[in-house]
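The block underneath contains the structure these notes are about, expressed in structure tokens.
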Amino acid sequence: MANEKWKTGITDIGPNKIRVKGYDIADIMENLSYAETVFLLLKGELPTKAEADLMNAILVSSVDHGASPPSVLGTRTVVSGGNSLNAAVAGGVLMIGDWHGGAIEQSAKIMQKWATRLDEEGASPEKVADDLVAWLKQQKIRMPGFGHRLHTADPRTARLFAIAERHGYSGKHIRLCLALEKALESKLGKKLPINVDGAIAAVISDMGFDWQLGKGFFIISRVPGLIAHAYEERNRERPMRKLGPMPFEYDGPAERTIK
């Protein structure tokens, strides 16, 4: 019905009024950081000092990772074709999926499910990690958030865990994550270090965020980097330039005719 109202619990607006989760936007502007405001939007309550510091570290950690990721190539390609900034950033965000930017969501989903055994069964992180690795092998699933194509020790992981430790915020998901890194090396015979996605997955899980927000954390973090790449591409490079791996080799059907 046209007169029916749908509900939202995020922002209340009216004449001369904007309240985000009940707080006046003007007060938020003066008293909260961007990271704290993101926490408020996603969680519904103001963060503690520890949560604010962790949220800030998470958003900074994935702000950019060079010119090679799919989201950056997507953004630069759209700009190179002569499109607007918003189209370029949207193109980059649309490149974020299960294989690029999706590991936070996937890793958090697995860890949140398996970490329940630590409470329900009183199992140790090491025992749960061993069982999880066995399950991953049986299902032929690669654990997301571990291993990296470039880093043998992701510097962002160590720093994020250090911030969590400093604030006394190393909970069951971080403990499981660390145990899982050792179990993977022991069972598979090769070191798969926790990358920044796995670290973020563990931290947001200990902060009580639903795994379904995983890609959201990556998107919020990465958009400023995409804007910087779009601006640089437009102002530094020539239009319609070659981007991505070159050269390519055709391996389709041989020359043929329509009769």
Side-chain angles (χ1 to χ4, degrees), residues 7-14 16-65 71 85-86 89-90 92-93 96 101-109 111-112 115 145 154-175 177 194-231:
K7 306 293 185 180
T8 176
I10 301 172
T11 304
D12 181 22
I13 62 168
N16 307 321
K17 178 185 75 173
I18 306 172
R19 292 191 176 276
V20 179
K21 293 294 184 178
Y23 294 99
D24 191 315
I25 191 66
D27 290 339
I28 292 175
M29 290 164 59
E30 187 171 7
N31 295 293
L32 297 185
S33 68
Y34 179 71
E36 289 170 321
T37 305
V38 171
F39 184 98
L40 173 63
L41 276 167
L42 298 182
K43 206 69 180 294
E45 298 296 338
L46 297 176
T48 64
K49 176 64 166 62
E51 290 168 334
D53 286 352
L54 283 167
M55 179 64 78
N56 183 70
I58 288 167
L59 296 185
V60 171
S61 68
S62 299
V63 72
D64 191 52
H65 198 259
S71 57
L85 176 68
N86 55 303
V89 173
V93 171
I96 295 170
I104 299 172
E105 174 183 295
Q106 298 162 1
S107 184
K109 181 179 181 180
M111 282 194 279
Q112 287 180 19
D154 195 322
R156 300 165 295 182
T157 295
R159 186 57 59 91
L160 187 55
F161 283 165
I163 295 171
E165 179 70 26
R166 185 165 69 243
H167 286 292
Y169 219 93
S170 293
K172 62 183 179 182
H173 296 94
I174 292 178
R175 293 195 297 272
C177 188
I194 305 166
N195 60 39
V196 70
D197 295 332
I200 292 173
V203 171
I204 66 171
S205 295
D206 277 339
M207 293 171 76
F209 285 103
D210 191 306
W211 61 265
Q212 294 177 88
L213 288 168
K215 282 194 183 79
F217 279 94
F218 186 81
I219 293 168
I220 295 167
S221 177
R222 184 52 59 95
V223 163
L226 297 182
I227 293 171
H229 279 283
Y231 181 81

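Side chains are part of it too, since the values below use all heavy atoms of this structure and drop only hydrogens, waters and symmetry mates. Sequence positions, counted from 1, serve as the residue numbers for this chain.
Looking at heavy atoms from C-beta onward, Leu226 lies in side-chain contact with Ser71 at the 4.5 angstrom threshold. Between Arg156 and His65 the shortest side-chain heavy-atom distance falls below 4.5 Å. Under the 4.5 Å side-chain criterion, counting only non-hydrogen atoms from C-beta, Glu45 is not in contact with Lys21. Counting heavy atoms from C-beta outward, Asn56 and Ser33 have side chains that stay 4.5 Å or more apart. With contacts defined as side-chain heavy-atom distances shorter than 4.5 Å, the pair Ile18/Thr11 qualifies. In this structure, the side chains of Leu32 and Leu46 come closer than 4.5 Å at one or more pairs of heavy atoms. For the pair Trp211 and Ile204, the minimum side-chain heavy-atom distance is 4.5 Å or more. A 4.5 Å side-chain heavy-atom check between Glu36 and Asn31 finds every atom pair outside the cut-off.
Here the CD1-CG distance, from Ile174 to Leu160, works out to 7.0 Å after rounding to the nearest 0.5 Å. Note that the CD1 atom of Ile227 and the CG atom of Leu85 stand 6.0 Å from one another [nearest 0.5 Å]. Rounded to the nearest 0.5 Å, atoms CD1 (Ile28) and CG (Leu40) are 5.5 Å apart. Between the CG atom of Leu54 and the NZ atom of Lys49 there is a distance of 9.5 Å, given to the nearest 0.5 Å. Once rounded to the nearest 0.5 Å, the distance linking CD1 of Ile104 with CZ of Phe217 reads 8.5 Å. Expressed to the nearest 0.5 Å, how far CG of Asp206 lies from CD of Glu51 amounts to 11.0 Å.
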| field | Met207/Ile58 under side-chain contact (heavy atoms from CB on, under 4.5 Å): CA gap, chis, key distance, verdict | value | CA-CA 12 Å; Met207 293 171 76; Ile58 288 167; 4.2 Å; yes
| request: Output, in order, the C-alpha distance, side-chain angles, deciding distance and verdict of side-chain contact (heavy atoms from CB on, under 4.5 Å) for Val20 and Thr37. | output: CA-CA 9 Å; Val20 179; Thr37 305; 5.6 Å; no
| said: As a quick check of understanding, evaluate side-chain contact (heavy atoms from CB on, under 4.5 Å) for Arg166 and Ile163, giving each step before the final call. | reply: CA-CA 5 Å; Arg166 185 165 69 243; Ile163 295 171; 3.7 Å; yes
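A distance-only check finds a donor-acceptor pair linking the side chain of Thr157 to the backbone of Ile194 [under 3.5 Å]. At distances below 3.5 Å, at least one donor-acceptor pair connects side-chain atoms of Asp154 with backbone N or O atoms of Val196.
Ser221 and Pro224 make their closest contact through O-CD, 3.3 Å (heavy atoms, listed as atom of the first residue, atom of the second, distance). Closest heavy-atom contact between Asp24 and Arg19: N-NH1, 3.5 Å. Between Asp210 and Gln112 the shortest heavy-atom distance is C-NE2, 4.0 Å. Scanning all heavy atoms of the two residues, the minimum distance from Met111 to Cys177 falls at SD-CB, 3.8 Å. When all heavy atoms of Ala103 and Gly145 are compared, the pair lying nearest together is CB-N, 3.9 Å. The two residues Lys172 and Ala115 come nearest to each other via the heavy atoms CD-O, 4.1 Å.
The number of heavy atoms from other shown groups lying within 6.0 Å of CD1 (Ile25) is above 12.
Residue pairs meeting the ring-ring contact (aromatic ring centres under 6.0 Å, His included) criterion with at least one partner in residues 18-53, sequence neighbours excluded, are Phe39-Phe209.
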